[in-house]
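Because the structure is a prediction, the values reported are computed rather than measured. In this chain, residues are counted from 1 in sequence order.
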Amino acid sequence: NNREIEAGRARSQVTGLNEVKHMIRVLVVDDHHLVRTGTMRLLDDVDGIEIFGEAESGEEAIEKVRQLEPEVVLMPGIGGLEATRRCLSVDPDVWIIAVIVYEDEPYPSKLLNVGAAGYLTKRANVDEMVRAVKRVCAGQRYISSEIAQQLALRPCTPSRQVPSRPCPTGRCKLRSW
């Protein structure tokens, strides 16, 4: 069920790293009016980004995605899990960026697995949010550094056993996977 992110699938034309030739249409979703309004005001001053709408809930976001056809949706994570899935079923070309307080597993993995193109913590500053919007619109994933580090360090089950062999120099310790 994992949606692949392909660089050529974006609605926008990319001219260079994170540069877009037109205004990126963004829908801002949050159940807290102050957070939603603050996010919209911060992004409203950014060249290349147009606040295309707002929604107070996941249900409202699904309708707005259907009606407005934004390119990027900034969606709260926990309640946005099912809304992310449903928004993508309404418009498979929309880019969802989860904006969430929680950094701990399983939230990042769950949201990315249902198709979110990006994951930001609510501690992100406006520059990071803009970077995330531009990168996902250019067909790339964006994961805030705190989350990326956590995902990289989580235990995993390897797909194959690494063969045990002596270290040629004798200075390294063997690792068992």
Tell me, with the steps shown, if Leu111 and Ile100 meet side-chain contact (heavy atoms from CB on, under 4.5 Å).
CA-CA 10 Å; Leu111 283 158; Ile100 188 167; 4.2 Å; yes

Lys122 vs Asp30, test: salt bridge (charged side-chain N to carboxylate O under 4.0 Å, His left out). Steps then yes/no.
CA-CA 11 Å; Lys122 286 196 174 181; Asp30 201 291; 3.0 Å; yes

Which is it for Ile143 and Leu112 under the side-chain contact (heavy atoms from CB on, under 4.5 Å) test, yes or no, and what are the steps along the way?
CA-CA 9 Å; Ile143 302 172; Leu112 294 170; 3.8 Å; yes

Intermediate values then yes/no, side-chain contact (heavy atoms from CB on, under 4.5 Å), Thr39 and Leu74:
CA-CA 9 Å; Thr39 301; Leu74 296 173; 4.1 Å; yes

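Val65 is listed as a side-chain neighbour of Pro70, based on a closest heavy-atom distance under 4.5 Å. Between Thr121 and Val99, the closest side-chain pair of non-hydrogen atoms is not below 4.5 Å.
In terms of modelled atom types and a separation under 3.5 Å, the side chain of Glu71 and the main chain of Arg25 share a donor-acceptor contact.
For Glu63, the side-chain hydrogen bond (donor to acceptor under 3.5 Å, both in side chains) test picks out Arg66, with sequence neighbours left out. Applying the side chain to side chain contact (heavy atoms under 4.5 Å, CB included) test to Ala124 and every residue at least two apart in sequence or in another chain returns Leu120, Glu128.
Within the model, atoms NZ of Lys134 and CD of Gln140 stand 13.0 Å from one another, a figure rounded to the nearest 0.5 Å. A distance of 10.0 Å separates CD of Glu82 from SG of Cys87, quoted to the nearest 0.5 Å. Taken to the nearest 0.5 Å, the OH atom of Tyr119 stands 13.0 Å off from the CD1 atom of Ile97. One distance of note links CG of Asp44 with CE of Met40; it measures 8.5 Å at 0.5 Å rounding. Separating the CH2 atom in Trp95 from the CZ atom in Arg135 is a distance of 14.0 Å, to the nearest 0.5 Å. Atom CE of Met129 is separated from atom CG of Asn125 by 8.5 Å, given to the nearest 0.5 angstrom.
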Identify every side-chain donor-acceptor pair in residues 47-54 under 3.5 Å, counting partners at least two apart or on other chains, and give the distances.
unit_1 : atom_1 : unit_2 : atom_2 : d
Glu54  : OE1    : Arg36  : NE     : 2.7

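Applying side-chain contact (heavy atoms from CB on, under 4.5 Å) to Thr84 and the options Val29, Val73, Val94, Ile96 leaves one that passes, Ile96. Residue Ile62 forms a side-chain contact (heavy atoms from CB on, under 4.5 Å) with just one option from Arg85, Gln67, Arg86, and that option is Arg86.
The hydrophobic cluster containing Val126 also contains Val133, counting ILVMFWY residues as joined when their side-chain heavy atoms lie under 4.5 angstrom apart, directly or transitively. Transitive grouping of hydrophobic side chains (ILVMFWY, heavy atoms separated by less than 4.5 Å) keeps Leu68 and Val136 in distinct clusters.
The two residues Leu27 and Ala61 make their nearest non-hydrogen contact at CD2-O, 4.0 Å. Heavy-atom minimum distance, Ala83 versus Gly58: CB-CA, 3.6 Å. Contact record, Ser89 with Pro92: O-CD, 4.5 Å, taken as the closest heavy-atom pair.
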